[in-house]
Amino acid sequence: MNAFLKNTRPAPAKVAILVLVGVVGVGGSMAMLLLGRGQWPTYVGAVAMAFAAAAFASTARRLYGGEPVRPAMRGFLIGFLGAMTAYVVLLLGAVQLYMAGLTQGALGYAAALAPVIALVAAFASLGLYVLRETDELLRRITVESLLWALGATLSLATAWGVLEAFGKAPHLQLWVVAPVFAVVFGLAQGLVSWRYR
Amino acid sequence: MKNRLKVLRAERDWSQADLAQRLDVSRQTINALETGKYDPSLPLAFKIARLFGQPIEAIFQDED
């Protein structure tokens with residue numbers, strides 16, 4: 001019985017969480033760099049992302065800090081971190097190409113879509129996590145948070161779109177939808193987990 | 001739904017983490033079950049009943 005308990009070596013959950021938050025932070029500053037040009041949504045987005053990352057980190061640390069990382073979560077962290085790292089690298093590369101004026105031809109399509117492939121991989125790792133997680137409450141928390149993120153992102157995007165059509169809001173490029181979804185998902189994760197505490 | 005998980009766990013001198021490991025769930029799930037914030041699925045309820053060697057209705061009480 002004791003051997004069974006000692007069998008699972010406690011993996012460094014805290015390190016994994018810190019790395020995840022670091023990647024989110026990098027993603028936030030990337031969004032800032034890209035949107036840049038001193039537009040106010042840039043700063044709101046950056047602050048919201050930092051806040052969401054901090055909220056996620058504190059909740060995760062309190063909930064899972066002393067526990068071994070579950071296999072499904074480990075798989076997710078590896079897949080998600082790999083995908084987000086690839087995303088940041090490909091995005092930086094694409095921005096460099098754009099700045100150098102090399103994206104006029106066919107290369108433009110490839111450069112613009114390459115980071116998206118990494119983003120698809122990131123979403124896929126999240127979907128696989130839900131499928132592989134054997135803990136029903138964790139699964140439920142993830143799905144509930146995804147639904148919150150879905151509803152909030154669609155509502156915000158629609159509201160902004162209609163305001164824009166009425167000339168009441170500046171134009172916003174559609175790629176901001178994914179970061180907004182990520183921020184709301186992070187916040188929802190914290191809130192939903194807290195509700196089941 | 002009320003349950004006797006905390007009592008049964010205390011009788012065996014298990015921590016929430018010990019019980020979590022025996023049921024292959026997270027400690028958070030044990031906590032949510034004990035505080036009545038989350039009701040387990042039928043498979044998990046059977047697993048808990050088997051672990052403690054008691055029928056489900058001796059562990060979970062269907063009342064508000």
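Reminder, nothing fancy here: chain letters follow the sequence lines and each chain counts from 1. Computed over heavy atoms, backbone and side chain alike; hydrogens, waters and symmetry mates excluded. Nothing here was measured: the structure is a model prediction, and the numbers come from that model.
At least one donor-acceptor pair under 3.5 Å links the side chain of K37(B) to the backbone N or O of R197(A). Although no hydrogens or angles enter the test, the distance criterion places a donor-acceptor pair under 3.5 Å between the side chain of R139(A) and the main chain of E133(A). Of the possible donor and acceptor atoms, one in the side chain of R12(B) sits under 3.5 Å from a partner among the backbone N and O of L8(B).
If you measure heavy-atom distances from N31(B) to chain A, the contacts under 4.5 Å come from the side chain alone. Residue P40(B) touches chain A through both its backbone and its side chain, counting heavy-atom pairs closer than 4.5 Å. The part of R140(A) that comes within reach of chain B is its side chain, from C-beta onward, which places non-hydrogen atoms under 4.5 angstrom from that chain.
Distance check: I117(A) CD1 to L113(A) CG gives 7.0 Å after rounding to the nearest 0.5 Å.
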